[in-house]
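As the structure is a prediction and not an experimental result, all values here were calculated from the model.
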Amino acid sequence: MKSRSFATKVILLTALIASVAWGQTDLPRELATIIPKYPGSNVVVAKDSNGGSQTVMETQDNARAVMVFYRKAMVYRGWNIMTGMALESGSTLIFSKGDQTLHITAKGEREDKTIILVSIPK
């Protein structure tokens, strides 16, 4: 009886670990070829669709640090800054390259988290 109980616990623990690993999301395929994932961030939502690709990431860094990172990273990759906008607790940058546009917004939230929204319309 004890071995059955132990085996059940091992199976449940394995299933829990697998579900946590499978729940970790990467950047959508299209965005992963264009932008780097913000260092130390967690991808919360990732979506490729006919309308484009979108992702939402969370980080402990402030919104300013996020935007400095992406400004440098995207210009290095050949993207041009079209415009930028300051928000109440963050900012937005819109980049262009050829006929593509890329939108990146970093907005500070409660609990010392910054939400990063990235989208590239088709």
Side-chain angles (χ1 to χ4, degrees):
M1 186 71 136
K2 284 187 179 183
S3 64
R4 180 188 272 176
S5 175
F6 178 74
T8 302
K9 289 178 183 177
V10 169
I11 291 169
L12 289 174
L13 181 59
T14 303
L16 176 64
I17 291 169
S19 69
V20 169
W22 289 330
Q24 293 177 343
T25 308
D26 290 325
L27 293 174
R29 189 175 338 130
E30 186 175 347
L31 278 177
T33 63
I34 296 170
I35 69 163
K37 180 180 168 210
Y38 186 76
S41 67
N42 295 316
V43 176
V44 179
V45 176
K47 181 180 177 186
D48 278 321
S49 68
N50 291 339
S53 293
Q54 303 84 34
T55 193
V56 177
M57 295 176 269
E58 284 183 341
T59 182
Q60 297 296 321
D61 294 348
N62 65 43
R64 180 173 167 76
V66 170
M67 296 314 282
V68 167
F69 171 82
Y70 277 115
R71 180 185 301 263
K72 289 178 182 178
M74 299 318 298
V75 169
Y76 177 79
R77 286 171 172 75
W79 289 76
N80 298 308
I81 299 172
M82 291 175 52
T83 189
M85 295 175 273
L87 305 170
E88 186 175 321
S89 60
S91 59
T92 295
L93 286 172
I94 301 173
F95 297 90
S96 67
K97 185 175 185 180
D99 61 350
Q100 290 184 306
T101 59
L102 174 69
H103 304 248
I104 301 176
T105 299
K107 186 167 178 4
E109 295 289 326
R110 294 185 203 154
E111 302 173 15
D112 298 326
K113 288 185 183 176
T114 296
I115 304 299
I116 307 165
L117 307 161
V118 181
S119 66
I120 186 163
K122 285 193 177 186

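- Not a single donor-acceptor pair under 3.5 Å links the side chain of Thr114 to the backbone N or O of Lys107.
- Atom CD1 of Ile35 sits about 6.5 Å away from atom CE of Met74, to the nearest 0.5 Å.
- Across Thr55 and Pro28, no two heavy atoms sit closer than the pair CB-CD, 3.8 Å.
- Taking all atoms of both residues into account, the shortest heavy-atom contact from Phe95 to Trp79 is CB-CE3, 3.7 Å.
- The CE atom of Met67 lies 6.0 Å from the CD1 atom of Ile104; values are rounded to the nearest 0.5 Å.
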Query - Criterion side chain to side chain contact (heavy atoms under 4.5 Å, CB included) on Met57 and Leu27, from CA distance to verdict - result: CA-CA 9 Å; Met57 295 176 269; Leu27 293 174; 4.1 Å; yes
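- In this structure, CG in Asn80 is found 12.0 Å from CG in Leu102, a value given to the nearest 0.5 Å.
- The distance from the CD1 atom of Ile94 to the OG atom of Ser119 is 8.5 Å, given to the nearest 0.5 Å.
- Within a 6.0 Å sphere centred on NZ of Lys97, heavy atoms belonging to other residues, nucleotides or ligands number more than 12.
- In terms of heavy atoms, Pro36 sits closest to Tyr70 at O-OH, 2.8 Å.
- Asp61 is linked by a side chain to side chain contact (heavy atoms under 4.5 Å, CB included) to Tyr38, Thr59, Ala65, counting only residues two or more places apart in sequence or in another chain.
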Report task. Evaluate side chain to side chain contact (heavy atoms under 4.5 Å, CB included) for Val75 paired with Ile81, printing each intermediate quantity in order. Result -> CA-CA 8 Å; Val75 169; Ile81 299 172; 4.1 Å; yes
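- Across all their heavy atoms, Ile120 and Thr101 have their closest contact at CG1-O, 3.1 Å.
- A distance of 12.0 Å separates CG of Asp112 from CD of Glu58, quoted to the nearest 0.5 Å.
- Residue pairs satisfying the salt bridge (charged side-chain N to carboxylate O under 4.0 Å, His left out) criterion with at least one member in residues 65-80, sequence neighbours excluded, are absent.
- Atom-to-atom distance recorded for Leu31:CG and Lys47:NZ is 12.5 Å, nearest 0.5 angstrom.
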